[in-house]
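Just below is one structure, and these are the notes that go with it.
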Amino acid sequence: MPELPDVEVFRRYLGSTALHQTIDEVGVRSKRLLKGLSERTLRSHLKGRSIQQTDRHGKYLLAGVKANEWLVLHFGMTGFLKYFKNENKEPEYTQMLISFKNGFHLAYVAPRKLGQIFLIDSKKTLIEEKELGPDVLDGDFDLQAFKEALFRSRGMIKSTLMSQKIMAGIGNIYSDEILFQARIHPKATVDRLDRDQRGRLFRALKRVLRKAIEVQADPQRLPSSYLISHRDPEERCPRCKGKVEKIEVSGRSGYYCPRCQSR
DNA sequence: ACATTGACCTGAGAGC
DNA sequence: TGCTCTCAGGTCAATG
């Protein structure tokens with residue numbers, strides 16, 4: 001679930017719910033998710049404060065609690081946020097619970113515990129420490145920047161799109177969609193892509209991610225012309241009606257249309 | 001230095 | 001029904 005569009009939806013959700021609410025208590029269920037800090041440290045840094053602003057870089061969500069102090073949330077494969085009032089409405093698999101003075105709670109939910117929670121002084125530091133590439137929806141990430149990002153990569157295009165060090169935000173699902181719309185084979189070698197293909201890829205990337213955010217990252221609300229709802233070998237390509245194929249690329253499973261995305 | 005693979009967790013769904 | 005097996009959108013460390 002949580003690729004860039006999902007995390008952006010979480011960010012907006014946070015901004016329309018918990019923003020400016022005074023934090024009363026913080027509880028951590030799974031210490032495994034805390035990176036480089038204890039529950040006690042986290043609590044002492046959050047208690048009495050409030051989330052004053054939100055930000056995002058790639059798949060990382062930032063919640064600013066004071067000058068030079070941000071709570072960073074990463075959602076792994078299964079994480080999400082839930083803001084609720086009634087105590088007995090606490091979601092199953094809640095790993096961290098922030099309770100506010102107004103009686104509401106913010107649950108960080110992650111059934112698979114693959115996420116990360118930590119504190120950082122700035123977005124810049126986060127980018128440096130995680131060695132993240134540019135956020136793909138940042139205004140500065142234009143065609144020129146995209147081409148520069150591709151320049152030092154010689155692997156397969158699907159892996160390159162998913163590399164957070166090369167560019168931040170794209171995961172397995174959306175990489176398939178972007179490649180489908182650009183009509184490029186997932187295993188195509190980056191250094192063999194011509195100028196036209198790179199242009200198509202860049203435009204598809206921006207278009208797909210913006211559209212996904214527009215529909216609240218709900219796959220069911222994406223156009224039926226998208227591959228996303230046809231990710232199954234039993235499904236047919238929405239464009240040519242040919243069979244969708246499943247392949248393995250760098251250990252991840254990918255779906256594509258062999259006819260529309262020839263090598 | 002780079003690309004790829006396995007490990008990390010645990011639930012859901014498929015197959016028997 | 002219940003058991004076992006495989007797979008899952010994430011990153012990270014180890015390997016080639």
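A note on names: the letters A, B, ... follow the listed sequences, proteins ahead of strands, and every chain is numbered from 1.
The ring pair (Phe, Tyr, Trp, His ring centres under 6.0 Å) pairs that include a residue from residues 109-154 of chain A are Phe146(A)-Phe202(A), where partners are two or more places apart or lie in different chains. Under the side chain to side chain donor-acceptor pair (under 3.5 Å) criterion, the residue pairs touching residues 239-248 of chain A are Glu245(A)-Tyr256(A), with sequence neighbours excluded. Residue pairs meeting the side chain to side chain donor-acceptor pair (under 3.5 Å) criterion with at least one partner in residues 134-149 of chain A, sequence neighbours excluded, are Arg56(A)-Asp135(A), Gln144(A)-Glu148(A). Sorted by first then second residue, the ring pair (Phe, Tyr, Trp, His ring centres under 6.0 Å) pairs that include residues 21-57 of chain A, not counting sequence neighbours, number zero. Sorted by first and then second residue, the pairs that involve residues 91-100 of chain A and meet side chain to side chain donor-acceptor pair (under 3.5 Å), not counting sequence neighbours, are Ser99(A)-His105(A).
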| request: Could you encode protein contacts along nucleotides 10-16 of chain C as a string, one character per nucleotide from 5' to 3', using B for base contact, S for sugar-phosphate-only contact and - for no contact, with a heavy-atom cut-off of under 4.0 Å? | output: BBS----

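Atom CD of Glu92(A) is separated from atom P of dA12(B) by 7 Å (rounded to the nearest Å).
Qualifying ring pair (Phe, Tyr, Trp, His ring centres under 6.0 Å) partners for Phe75(A), counting only residues two or more places apart in sequence or in other chains: Phe10(A), Tyr108(A). Partners of Phe180(A) by ring pair (Phe, Tyr, Trp, His ring centres under 6.0 Å), not counting sequence neighbours: none found.
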| query | How would DNA chain B look in dot-bracket form, 5' to 3', counting Watson-Crick and G-U wobble pairs with both distances under 3.5 Å and writing | for bases paired to another strand? | reply | .|||||||.|||||||

Are there any protein N/O atoms within less than 3.5 Å of an N/O atom in nucleotides 13-16 of chain B, and if so, which ones and at what distance?
none

Listed pairs, N/O of protein and of nucleotides 2-4 of chain B, under 3.5 Å:
{"residue": "dA3(B)", "atom": "OP1", "partner": "Arg154(A)", "partner atom": "N", "Å": "2.9"}
{"residue": "dA3(B)", "atom": "OP1", "partner": "Gly155(A)", "partner atom": "N", "Å": "3.4"}

Please tabulate, one pair per line, all N/O donor-acceptor pairs under 3.5 Å involving side-chain atoms of residues 159-168 of chain A, not counting sequence neighbours.
{"residue": "Ser159(A)", "atom": "OG", "partner": "Ser250(A)", "partner atom": "OG", "Å": "2.8"}
{"residue": "Thr160(A)", "atom": "OG1", "partner": "Ser153(A)", "partner atom": "OG", "Å": "2.8"}
{"residue": "Thr160(A)", "atom": "OG1", "partner": "Met156(A)", "partner atom": "O", "Å": "3.1"}
{"residue": "Ser163(A)", "atom": "OG", "partner": "Lys165(A)", "partner atom": "N", "Å": "3.4"}
{"residue": "Ser163(A)", "atom": "OG", "partner": "Ile166(A)", "partner atom": "N", "Å": "3.4"}
{"residue": "Gln164(A)", "atom": "OE1", "partner": "Gly169(A)", "partner atom": "N", "Å": "2.9"}
{"residue": "Gln164(A)", "atom": "NE2", "partner": "Met162(A)", "partner atom": "O", "Å": "2.9"}
{"residue": "Gln164(A)", "atom": "NE2", "partner": "Ile170(A)", "partner atom": "O", "Å": "2.9"}

